[in-house]
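Each remark here refers to the structure printed beneath this line.
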Amino acid sequence: MRGLLSAACLALLLPLTATSAAAASPGPEHGPEHGPEHGPGHGPGTCGRDGTLFCEDFQSLPDGGAASLGWGVDTKHGTLTVERAERGQKVLHVHTEGNGRAFLKVDDFAPPGNGFYGRLRLRVKAFPTAPDWAHYTLIEATGAGPEIVRPLGGQYVPTLRKDLWGVGADGGPTGDWTNWRESAPSRAGVWQCVEWRMDPADNSISVWFDGVAQPDLTVSTRSHGGNDTDFVFPRFDTVKIGWQLYQSNPSPASYDLWLDDIALSTRRVGCA
């Protein structure tokens with residue numbers, strides 16, 4: 001079963017040539033009544049900032065099945081739908097059944113120097129409670145090179161009876177791993193702003209939740225959760241954002257999350 005062996009061991013131990021159709025749309029609103037836990041919002045500036053490589057806030061897209069000239073779709077036993085959120089803003093509803101997948105896919109992605117920042121807002125209805133070590137991915141970056149890099153994913157850890165966020169990888173010399181941490185519980189039912197950085201200088205990945213750094217989740221060339229060998233980025237050309245669960249017969253049997261304000265950039269975007 002994917003993730004079982006690696007998770008058990010862990011317990012021991014910058015451009016795009018085209019942006020999305022919404023590239024001119026404003027970015028997220030900020031403040032005590034519009035913070036990430038109160039849902040998505042749109043204020044001035046995000047997609048027009050210097051350094052933006054890809055940006056999508058879904059406001060210019062029609063309600064219904066998600067489609068854009070600026071990005072693709074990768075689904076199996078899953079759907080992507082544009083719908084209205086709490087305050088009427090449009091968001092992307094990701095739905096999967098069982099161990100299905102549903103991703104928005106940014107192709108032909110060529111970050112200068114092979115490094116970039118990402119930012120999105122998300123709310124997950126529920127995380128898995130079975131089977132043991134159930135493994136889920138929300139962000140995946142791939143390209144020329146064997147490693148499948150997962151800046152955001154997690155696992156259900158039965159020994160703790162908790163779902164925990166973790167950075168991970170698969171398909172390369174470091175093996176199949178999710179470097180989950182007790183300090184980073186996966187929170188259901190709340191909006192969160194998630195940021196990450198892919199730094200090629202040391203093949204490092206850093207993560208922030210709601211603007212707060214999560215140093216425990218950082219991985220790098222020699223400090224990661226896999227085999228005792230170097231973790232090396234591929235030459236990135238694709239980023240996928242959505243949901244995939246790898247084990248069959250999970251509980252719950254279906255998964256729903258909502259995404260907004262997705263941005264990839266040569267600079268840190270922030271949650272403001």
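As the structure is a prediction and not an experimental result, all values here were calculated from the model.
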Exercise for the section: With the side chain counted from C-beta on, respond yes when Trp165 and Pro185 share a heavy-atom pair under 4.5 Å apart, and no when they do not. Expected result: no
Problem - Over all atoms of both residues, closest heavy-atom pair of Ala67 and Leu61 - result: O-CD2, 3.8 Å
Practice task
Would you confirm whether Ser265, through its side chain, and Gly51, through its main-chain N or O, come within 3.5 Å as a donor-acceptor pair?
Solution key: yes
Practice task
Could you point out which residue of Leu259, Thr75, Leu122 forms a side-chain contact (heavy atoms from CB on, under 4.5 Å) with Val94?
Solution key: Leu259
Handout entry: Check: Phe127 ring centroid to Tyr255 ring centroid under 6.0 Å
Key = no
Problem - side-chain hydrogen bond (donor to acceptor under 3.5 Å, both in side chains) partner of His135, chosen from Thr178, Asn99, Asp170 - result: Thr178
Exercise for the section: Starting from the C-alpha separation in whole Å, work towards a yes-or-no answer on side chain to side chain contact (heavy atoms under 4.5 Å, CB included) for Asn227 and Trp177. Expected result: CA-CA 9 Å; Asn227 299 325; Trp177 52 274; over 6 Å; no
Practice task
Give a yes or no on whether the backbone of Ser204 and the side-chain of Asp199 come within a donor-acceptor separation of less than 3.5 Å.
Solution key: no
Exercise for the section: Mark yes or no for whether Glu56, through its side chain, and Phe58, through its backbone, hold a donor-acceptor pair below 3.5 Å. Expected result: yes
Handout entry: Flag side-chain contact, heavy atom, 4.5 Å: Phe209 against Leu217
Key = yes
Practice task
Give the C-alpha distance, both sets of side-chain angles, the deciding distance and a yes or no for side chain to side chain contact (heavy atoms under 4.5 Å, CB included) between Glu147 and Val232.
Solution key: CA-CA 7 Å; Glu147 296 279 10; Val232 180; 5.7 Å; no
Practice task
Work out which heavy atom in Asp260 is nearest to a heavy atom in Asp57; give both atom names and the distance.
Solution key: OD1-O, 3.1 Å
Problem - Donor-acceptor contact below 3.5 Å, side chain Gln59 vs main chain Lys90 - result: yes
Exercise for the section: Check for a donor-acceptor pair, side chain of Thr52 on one end and backbone N or O of Phe54 on the other, with a separation under 3.5 Å. Expected result: no
Practice task
May I ask you to decide if the ring planes of Phe233 and Phe236 are parallel, tilted or perpendicular, using 30° and 60° as cut-offs?
Solution key: tilted
Problem - side chain to side chain contact (heavy atoms under 4.5 Å, CB included) evaluation trace for Tyr156 with Arg161 - result: CA-CA 7 Å; Tyr156 172 66; Arg161 296 186 179 181; 4.0 Å; yes
Problem - Least distance between heavy atoms, Trp258 atom then Glu83 atom - result: NE1-OE2, 2.8 Å
Problem - Under 3.5 Å: donor-acceptor pair, side chain of Glu140, backbone of Leu138 - result: no
Practice task
Please test Arg268 against Glu195 for salt bridge (Lys or Arg N to Asp or Glu O under 4.0 Å), starting from the C-alpha separation and ending with a verdict.
Solution key: CA-CA 8 Å; Arg268 184 178 171 189; Glu195 303 172 83; 2.9 Å; yes
Problem - Side-chain touch Leu80/His93, heavy atoms, less than 4.5 angstrom - result: no
Practice task
Keeping the roles fixed (side chain from Arg121, backbone from Cys271), state whether a donor-acceptor pair exists under 3.5 Å.
Solution key: yes
Practice task
Find out whether Glu182 and Leu160 are in side-chain contact, i.e. whether some heavy atom of one side chain is under 4.5 Å from a heavy atom of the other.
Solution key: yes
Handout entry: Donor on one side chain, acceptor on other, Thr96 and Gln244, under 3.5 Å
Key = no
Problem - Donor-acceptor under 3.5 Å (His95 side chain, His77 main chain) - result: no
Handout entry: Inter-residue atom distance Asp74.CG - Ile241.CD1, 0.5 Å rounding
Key = 13.0 Å
Practice task
Measure from NZ or CZ of Arg119 to the centre of the six-membered ring of Trp196, then state whether that distance is under 6.0 Å and the direction lies within 45° of the axis.
Solution key: no
Exercise for the section: Using a 4.5 Å cut-off on heavy atoms from C-beta on, say whether the side chain of Pro146 contacts that of Pro173. Expected result: yes
Practice task
Run the numbers on Trp243 and Tyr136 for ring-ring contact (aromatic ring centres under 6.0 Å, His included), then give the verdict.
Solution key: CA-CA 7 Å; Trp243 176 270; Tyr136 45 94; 5.3 Å; yes
Problem - Thr221 side chain to Asp230 side chain, donor-acceptor N/O pair below 3.5 angstrom - result: no
Handout entry: Flag side-chain contact, heavy atom, 4.5 Å: Phe109 against Thr142
Key = no
Practice task
Give the C-alpha distance, both sets of side-chain angles, the deciding distance and a yes or no for salt bridge (Lys or Arg N to Asp or Glu O under 4.0 Å) between Asp228 and Arg222.
Solution key: CA-CA 8 Å; Asp228 187 17; Arg222 293 301 303 169; 2.7 Å; yes
Problem - Student check: side-chain heavy atoms of Lys105 and Val73 closer than 4.5 Å - result: no
Practice task
May I ask you to test the Gln192-Arg187 pair for a side-chain heavy-atom distance under 4.5 Å?
Solution key: yes
